[in-house]
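Reading through the structure tokens given below for one structure.
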Amino acid sequence: MSKKSQLINLYTTSFSDSPQYIDNFFTQYYESKNAVSFTENGLIVSALHLLPKNLFFHGKIWRLPFMVGAATLAEYRNKGYFSKLINKTLNRLNSTNTPFVMLYPSNREVYEKLGFVNVTFCGNKTIKYDGNEAISRPIAHEEIAMFFNTYLRKRYQICQYRPLKEAQKIFERWAVEDINVKMYSLNGKSCYVAKSDREIEEVVGDVDVLNGVKEFDGQQVEDFNAFDQPYTMACLVSPYKLLKSISYTRDGEFFFKVKDDFYAPNNVSISLKIHKKSIVVTPSSKYDFVVTGQDLLRLSFGQTIADCPLNNVFKPSRAVFVDKY
């Protein structure tokens with residue numbers, strides 16, 4: 001059985017996605033070079049896919065990997081293969097000088113045990129029809145891409161960016177799965193909804209607009225303007241690359257040790273020198289304090305860490321990421 005056939009079998013037996021979705025994924029998104037697998041006697045027992053995504057991160061759009069379809073064959077689970085797969089993936093990304101890798105977890109506890117932390121959050125909102133009728137209309141992928149990028153950039157300092165081609169591929173996938181997209185507007189606010197007869201796939205915009213849509217009455221939707229629930233997770237790959245990617249709030253010179261119990265290459269002592277827009281990150285023979293790799297990643301996404309000397313060096317930010325796949 002070919003590598004691709006094994007990967008399709010692993011995905012099909014591990015997830016409940018429709019045959020149409022799986023066919024679309026391996027036709028439109030799959031690339032052999034972006035698949036990471038762990039084999040035993042020639043059999044792929046665990047694998048994942050790295051989809052490149054765009055993230056507006058500290059003033060620059062980065063092309064970064066997003067883990068999807070991570071799974072292990074049922075008969076090989078709970079034997080350490082998945083942790084070996086993640087470590088293999090991190091080693092591969094470390095060699096390409098990637099700062100971190102993101103994912104939307106199907107099981108958050110599994111990834112927490114492997115060193116992943118929550119970096120973006122969202123909330124849920126129950127729609128309550130109030131009789132103020134919203135205007136609805138179908139829209140094309142070009143308008144969705146523009147709305148998506150403009151809406152997020154106005155509200156978040158760290159956010160996803162969808163190029164036109166990526167929006168088109170998403171629209172093609174939605175069409176395969178009979179997912180329709182409409183824009184709803186009311187009182188100068190707008191929100192789009194991608195939904196099928198079975199579920200709501202994606203909601204972006206001012207969700208209060210949906211209180212003016214009777215068919216949504218009583219339904220619960222994700223609200224990315226709320227921050228009470230963890231959403232995407234990330235794992236640190238390279239402290240050096242991460243620190244060189246940050247925009248800082250003030251000048252200074254810091255000597256600290258990064259402690260990472262999950263990925264050994266992240267255990268380094270660092271000298272961080274900031275002068276105006278010049279950033280120099282080098283190994284250090286000394287350190288004044290210790291920060292975990294996980295807290296360093298949290299800081300870079302705008303979170304604050306108790307008693308950390310770097311709190312007032314990293315800029316507080318609001319972060320959002322919409323994609324699950």
Side-chain angles (χ1 to χ4, degrees), residues 36 50 52-53 55-67 83-103 111-120 157-158 230 232-319 321:
V36 185
L50 295 170
K53 298 283 185 179
L55 185 70
F56 194 90
F57 185 73
H58 290 269
K60 180 181 176 181
I61 295 177
W62 294 84
R63 190 75 165 159
L64 296 171
F66 195 81
M67 285 187 186
S83 61
K84 292 178 182 178
L85 173 70
I86 296 299
N87 194 263
K88 180 179 179 179
T89 303
L90 296 180
N91 285 337
R92 172 173 163 176
L93 294 175
N94 186 279
S95 68
T96 63
N97 214 20
T98 300
F100 55 85
V101 62
M102 297 179 69
L103 58 77
Y111 288 100
E112 286 175 347
K113 293 176 181 178
L114 295 172
F116 285 76
V117 295
N118 300 313
V119 291
T120 73
Q157 292 74 49
I158 298 174
T232 56
M233 304 183 79
C235 186
L236 181 63
V237 176
S238 170
Y240 291 106
K241 183 63 175 178
L242 178 67
L243 291 166
K244 291 176 182 177
S245 308
I246 304 297
S247 56
Y248 298 95
T249 58
R250 66 180 179 90
D251 291 352
E253 189 170 358
F254 306 89
F255 300 92
F256 57 93
K257 180 179 180 179
V258 180
K259 184 177 183 295
D260 195 324
D261 294 331
F262 304 94
Y263 186 54
N266 287 340
N267 288 293
V268 292
S269 293
I270 287 175
S271 165
L272 170 63
K273 298 179 181 178
I274 310 161
H275 180 64
K276 296 182 179 179
K277 292 187 178 181
S278 175
I279 302 167
V280 179
V281 184
T282 57
S284 175
S285 59
K286 64 176 183 177
Y287 61 90
D288 298 323
F289 60 93
V290 177
V291 60
T292 67
Q294 291 65 46
D295 281 347
L296 190 63
L297 194 53
R298 291 185 180 100
L299 284 164
S300 74
F301 273 83
Q303 301 174 40
T304 57
I305 307 301
D307 301 321
C308 180
L310 294 175
N311 273 332
N312 61 348
V313 182
F314 287 68
K315 184 180 296 184
S317 304
R318 296 184 75 198
F321 202 88

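What you see is a predicted model, and the numbers here were worked out from it, not measured in a lab.
The closest side-chain heavy-atom distance from S83 to L114 is below 4.5 Å. Using a 4.5 Å heavy-atom cutoff, the side chains of L310 and D295 are not in contact. Residues E253 and I274 form no side-chain contact, since every pair of their non-hydrogen atoms from C-beta on lies 4.5 Å or further apart.
Aromatic pair F100/F57: centroids less than 6.0 angstrom apart. The ring of F254 has its center no closer than 6.0 angstrom to the ring center of Y248.
Within a 6.0 Å sphere centred on NZ of K53, other residues, nucleotides and ligands contribute more than 12 heavy atoms. In K88, the NZ atom is crowded: over 12 heavy atoms of neighbouring residues, nucleotides or ligands sit closer than 6.0 Å.
Once rounded to the nearest 0.5 Å, the distance linking CD of Q303 with SG of C308 reads 12.0 Å. Atom NZ of K273 sits about 10.0 Å away from atom OG of S278, to the nearest 0.5 Å. The CG atom of L297 lies 7.5 Å from the SG atom of C235; values are rounded to the nearest 0.5 Å. Between the CD atom of Q294 and the CD atom of E112 there is a distance of 11.0 Å, given to the nearest 0.5 Å. To the nearest 0.5 Å, atom CD1 of residue I86 and atom CG of residue L90 are 6.5 Å apart. Remark: I270 CD1 to L296 CG distance equals 7.0 Å, nearest 0.5 Å.
Judged by distance alone, with hydrogens and angles left aside, the side-chain atoms of T282 form no donor-acceptor pair with the main-chain N or O of V280 at under 3.5 Å. Judged by distance alone, the side chain of T249 and the main-chain N or O of V313 form a donor-acceptor pair under 3.5 Å.
Taking each heavy atom of Y287 and S269 in turn, the nearest pair found is CD2-OG, 3.7 Å. Closest approach of G293 and D260 over heavy atoms only: CA-OD2, 4.2 Å. The minimum heavy-atom distance between N97 and K241, with the atom names listed, is O-CG, 3.0 Å. I279 and L243 make their closest contact through CG2-O, 3.9 Å (heavy atoms, listed as atom of the first residue, atom of the second, distance). Closest approach of L236 to N266, counting heavy atoms only: O-ND2, 3.1 Å. The minimum heavy-atom distance linking I158 with S300 is given by the pair CD1-O, 3.5 Å.
Relative orientation of the F256 and F289 rings is parallel, given thresholds of 30° and 60° on the angle between their planes. Between F116 and Y111, the ring-plane angle classifies as perpendicular under the 30° and 60° cut-offs.
With V119 as the fixed residue, the side-chain contact (heavy atoms from CB on, under 4.5 Å) test singles out one of R298, M233, M102: M102. Among V291, L299, T292, the one residue that satisfies the side-chain contact (heavy atoms from CB on, under 4.5 Å) test with I305 is L299.
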request  = Might you work through the side chain to side chain contact (heavy atoms under 4.5 Å, CB included) test for K259 and N267, ending with a clear yes or no?
outcome  = CA-CA 5 Å; K259 184 177 183 295; N267 288 293; 4.2 Å; yes

Audit row: Y263, N87, side chain to side chain contact (heavy atoms under 4.5 Å, CB included) steps and yes/no = CA-CA 7 Å; Y263 186 54; N87 194 263; 3.7 Å; yes

